[in-house]
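Written out below as structure tokens is the structure these notes cover.
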Amino acid sequence: MANPTRIFDLLDHYHDEYAGKNDVFGYKKEGNWITVSAADYLKNANTVSYGLMAIGLKPGSRVATIMGNRPEWNFLDMGILQAGCVHVPVYPTISAENYLYIFNDAEIKVLFIGCHEAYNRVKTILHLIPSLQAFYILEKTKGVKHWSVLLEKGRKFKETEVLASIKSSIQPSDLATLIYTSGTTGKPKGVMLSHSNIISNCLSVSEILKKKRVSKALSFLPLCHVYERLLNYMYQHLGISVYYAEHIDRIRDNMKDVSPDMFCAVPRVLEKSYATIIRKGRNLKGIRKIIFFWALNLGHRYDFELAGKLSYRTKLQLADKLVFNKWRLAFGNKLKIIVSGGAPLHPRLARVFWAAGIQVIEGYGLTETSPVIAVGTFEPDGVKFGTVGKILKGVEVKLSADDEILVKGPNVMMGYLNRPDRNAEVFDEEGWFHTGDIGEIIDGEYLKITDRKKEIFKTSLGKYIAPQVIENRMKESPFIESVMVSGENRSYPSALIVPNFEYLKSWCGAKEIEYTSDAEMARQKVVQDRILQEVNTINSTLDHTSQVRKFIIMNKPWTVQSGELSPTLKVRRKFMHEKYADLIASMYGVEKETPRYAKKRNKKDKKNIK
């Protein structure tokens, strides 16, 4: 069969290539894993299409979904798309204000809601959406139409030949989906992606994985984000079974159940897994503890040239037998591949996972690029630690005069919905898309991301600071989980630091320090001195002007729910500067303000530098 050109062509491809497959998707219900067959997938997607047609939706109508990862997400996705409608997937955790903005901006006709909690978030604003014709919920809720009502209409729909006619009329260049950016600054922007935008990316990343023997993947990043969604399409194209984790907090248990060959993650997930492993190592005693940290240090030195040398390879085989094989057991014992994206991954983590027999490849991209721009491969020299891999086949990249990454290719979006002003800002006269990321090309072929262009700030001494570079260095410390560096128009950088409380707890145990609570330990001098030691060590590796002179230790983690992190677990800097304005100002001995966004600079600043 020819390669798919529209997203829903993946269904026909599945029917032709994997018709007998009985576990296209898996999910856990009431303690048991349940699977969905290829036949059921096709039948349910078609029923959704017929149901949408039965209630009068026409090609081009916008249909929104609010739900977590589950097979029904795919039934709706394919059903919406092959009916010629536009899928608008939305995060289940955003505010009612943002839901209202998105639904009205997209002019949605129909809304599908996954659960009671999501319904409670939107029920007060549904009457404020003039375009909305119907909404359905997947969990039975009094007073709300269950989605089975739509499915029943679909099963009774008689003009089934109309669907074939609509499918044949849809062009690869037609709008397929509107994905709203997480809105870390300002209102969310509706990214318009065509079928060909996403399918071109899907086919290119599929080529990278095609030669690997992968049969099962665990999925836990949100499907409403383009990263996990694209990879789910890749899984389907390659016939890889997709098992959906119950919750991000249940990943480790679900891995042991499912024994996946691969999964995709953001660095924060790998950092937490690594911290858990280190904590267990710290709790070992005697020779076992010595062996554990010997293996760990061996893993931190891993590189591909060294791995080819007999002496190192022999040591690595011993480390694997004594230590690393137990790591793989914690991941289900079959894990071969982790794809990391969404933020920079520290090379130390990538090296130690490779040493443990788990190949970590990094990728880079944006919602606007469907998303992959560059990614590591499994070919010789396909991975270079500290970079996000090679430019994806079919994608063009160049650096501007100030090293901003510019992109062209079939994966680049159609534009932002209803935002000609923003389109004019991100596309130049030659058609290059400006990513807003600063990077460099290593060895003429590997892309390295150094910072966000808009996040670089200038101190009052006229020095430019790239905060992510400092933050990534700080997160190398096992004691530090999250950090945000500030200092625009100030004399020096400062930082808000969230300790890695799990690691801190194990460290306190090893030092025989009583651990009371996270908040209390953050105030303890012994903890503050230990974090200071880490900061001083990191400062010694930085230019003098980039060194963090003051910092404050936070007493609880940052989360999506409390607002500090975006749904993709990036720090929301504007929000942080507003929420923690007093804390930031206190590090400069001034009154409350929000440094980047303040209209007036407090004149006390320079007088109060210590």
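Predicted model only: the values in this text are computed from it and were never measured. If you read the sequence from its start, that first residue is 1, and numbering goes on from there.
- In this model, a donor atom of one side chain and an acceptor atom of the other lie less than 3.5 Å apart for Asp105 and Tyr180.
- For Asp261 (side chain) and Lys336 (main-chain N/O), no donor-acceptor pair under 3.5 Å exists by modelled atom type.
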Stepwise side chain to side chain donor-acceptor pair (under 3.5 Å) check, Ser148 with Lys140: CA-CA 10 Å; Ser148 60; Lys140 290 187 176 180; 6.0 Å; no
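- One distance of note links NE2 of His237 with CG of Leu209; it measures 12.0 Å at 0.5 Å rounding.
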Criterion salt bridge (charged side-chain N to carboxylate O under 4.0 Å, His left out) on Glu97 and Lys187, from CA distance to verdict: CA-CA 10 Å; Glu97 180 185 6; Lys187 291 289 186 184; 3.4 Å; yes
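- A salt bridge links Glu455 to Arg573: one of the charged nitrogens lies within less than 4.0 Å of a carboxylate oxygen.
- Within the 4.5 Å cutoff, no side-chain heavy atoms of Thr141 are placed close to those of Lys123.
- Judged purely by distance below 3.5 Å, without hydrogens or angles, the side chains of Thr367 and Lys189 never pair a donor atom with an acceptor atom.
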Audit row: Lys256, Asp253, salt bridge (charged side-chain N to carboxylate O under 4.0 Å, His left out) steps and yes/no: CA-CA 5 Å; Lys256 291 176 182 177; Asp253 292 333; 5.1 Å; no
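- If you check the side chains of Asn46 and Gln82, you find a donor sitting under 3.5 Å from an acceptor.
- Annotation: Glu117, atom CD; neighbour count of heavy atoms from other residues, nucleotides and ligands within 6.0 Å does not exceed 12.
- Residues Glu425 and Arg419 have side chains not in contact (no heavy-atom distance under 4.5 Å, counting atoms from C-beta outward).
- Shortest non-hydrogen contact noted between Ile179 and Cys224 is CG2-O, 4.0 Å.
- Remark: Lys216 qualifies as a cation-pi partner of Tyr243 under the 6.0 Å distance and 45° angle criteria applied to the six-membered ring.
- Counting only heavy atoms from C-beta outward, the side chains of Glu481 and Trp558 never approach each other to under 4.5 Å.
- Ring planes of His13 and Tyr18: perpendicular class, angle over 60° (limits at 30 and 60°).
- Side-chain atoms of Arg70 never come within 3.5 Å of backbone atoms of Tyr27 as a donor-acceptor pair (strictly under, hydrogens ignored).
- Lys390 places no side-chain N or O within donor-acceptor distance of the main-chain N or O of Gly382, the cut-off being under 3.5 Å.
- Looking at Ser131, its side chain does come within 3.5 Å of a backbone N or O of Ile108 through a donor-acceptor pair.
- Around the NZ atom of Lys28, the shell of radius 6.0 Å holds more than 12 heavy atoms that belong to other residues, nucleotides or ligands.
- Under a 3.5 Å cut-off, the side chain of Thr35 and the backbone N or O of Asp23 do not form any donor-acceptor pair.
- Among the candidates Leu238, Asn74, Leu10, the single residue satisfying the side-chain contact (heavy atoms from CB on, under 4.5 Å) test with Tyr233 is Leu10.
- Contact detail for Asn197 and Pro410: the closest heavy-atom pair is ND2-O, 2.7 Å.
- Remark: side-chain polar atoms of Ser204 are not paired, donor with acceptor, to backbone N or O of Asn201 under 3.5 angstrom.
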Test log, rule side-chain contact (heavy atoms from CB on, under 4.5 Å), inputs Ile449 and Ile405: CA-CA 9 Å; Ile449 313 302; Ile405 299 166; 3.3 Å; yes
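- The backbone N or O of Leu178 lies less than 3.5 Å from no partner atom in the side chain of Arg62, so there is not a single donor-acceptor pair.
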Kindly list each side-chain donor-acceptor pair under 3.5 angstrom involving residues 357-366, sequence neighbours excluded, with atom names and distances?
| unit_1 | atom_1 | unit_2 | atom_2 | d |
| --- | --- | --- | --- | --- |
| Gln359 | OE1 | Lys212 | NZ | 3.1 |
| Glu362 | OE1 | Leu345 | N | 3.1 |
| Tyr364 | OH | Asp437 | OD2 | 2.7 |

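- Residue-environment remark: NZ (Lys408) exceeds the threshold of 12 foreign heavy atoms within 6.0 Å.
- A 4.5 Å side-chain heavy-atom check between His195 and Thr5 finds every atom pair outside the cut-off.
- Side-chain atoms of Thr65 never come within 3.5 Å of backbone atoms of Val63 as a donor-acceptor pair (strictly under, hydrogens ignored).
- What you find for Leu132 and Phe135 is that their closest heavy atoms are CD2-CD2, 4.0 Å.
- Looking only at side-chain heavy atoms (C-beta outward), Cys202 and Gln236 stay at 4.5 Å or farther from each other.
- Scanning all heavy atoms of the two residues, the minimum distance from Tyr227 to Cys264 falls at OH-CB, 3.8 Å.
- Of all non-hydrogen atoms in Pro188 and Thr181, the two that sit nearest each other are CB-O, 3.4 Å.
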side-chain contact (heavy atoms from CB on, under 4.5 Å) assessment of Leu126 paired with Leu111: CA-CA 10 Å; Leu126 295 178; Leu111 170 63; 3.7 Å; yes
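- Note: His87 and Trp73 have tilted aromatic rings, judged against thresholds of 30 and 60 degrees for the angle between ring planes.
- Nearest heavy-atom pair, Thr276 versus Arg252, reported as atom, atom and distance to 0.1 Å: CG2-CZ, 4.3 Å.
- The closest side-chain heavy-atom distance from Ile7 to Met78 is below 4.5 Å.
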Step-by-step side-chain contact (heavy atoms from CB on, under 4.5 Å) determination, Ile94 to Ile102: CA-CA 11 Å; Ile94 63 175; Ile102 290 169; 3.8 Å; yes
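- Aromatic ring pairs are classed by plane angle as parallel below 30°, tilted from 30° to 60° and perpendicular above 60°; the pair Tyr99 and Phe103 is parallel.
- Side-chain N/O atoms of Asn411 and Ser200 include no donor and acceptor closer than 3.5 Å.
- In this structure, His116 places its NE2 atom where more than 12 heavy-atom neighbours from other residues, nucleotides or ligands lie under 6.0 Å away.
- Between the Asp257 side chain and the Asn254 main chain, no donor and acceptor come within less than 3.5 Å of each other.
- Evaluation of the side-chain hydrogen bond (donor to acceptor under 3.5 Å, both in side chains) rule for Asn32 yields no partner, not counting sequence neighbours.
- Note that CG of Leu175 and SG of Cys85 are 11.0 Å apart. Values are rounded to the nearest 0.5 Å.
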Step-by-step salt bridge (charged side-chain N to carboxylate O under 4.0 Å, His left out) determination, Asp77 to Arg229: CA-CA 10 Å; Asp77 181 48; Arg229 182 178 179 181; 3.1 Å; yes
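- Looking at Leu406 and Glu430, their side chains never come closer than 4.5 Å, going by heavy atoms from C-beta outward.
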Worked verdict on Ser562 versus Lys579 for side-chain contact (heavy atoms from CB on, under 4.5 Å): CA-CA 10 Å; Ser562 55; Lys579 181 172 181 176; 4.2 Å; yes
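- Note on ring orientation: taking the six-membered ring where Trp is involved, the planes of Phe220 and Phe263 are tilted (angle from 30° to 60°).
- Using a 4.5 Å heavy-atom threshold, the side chains of Met413 and Val426 count as touching.
- Between Phe427 and Phe433, the angle of the ring planes lies from 30° to 60°, which puts this pair in the tilted group.
- Not a single donor-acceptor pair under 3.5 Å links the side chain of Arg6 to the backbone N or O of Leu81.
- Distance check: Lys167 NZ to Ser49 OG gives 7.5 Å after rounding to the nearest 0.5 Å.
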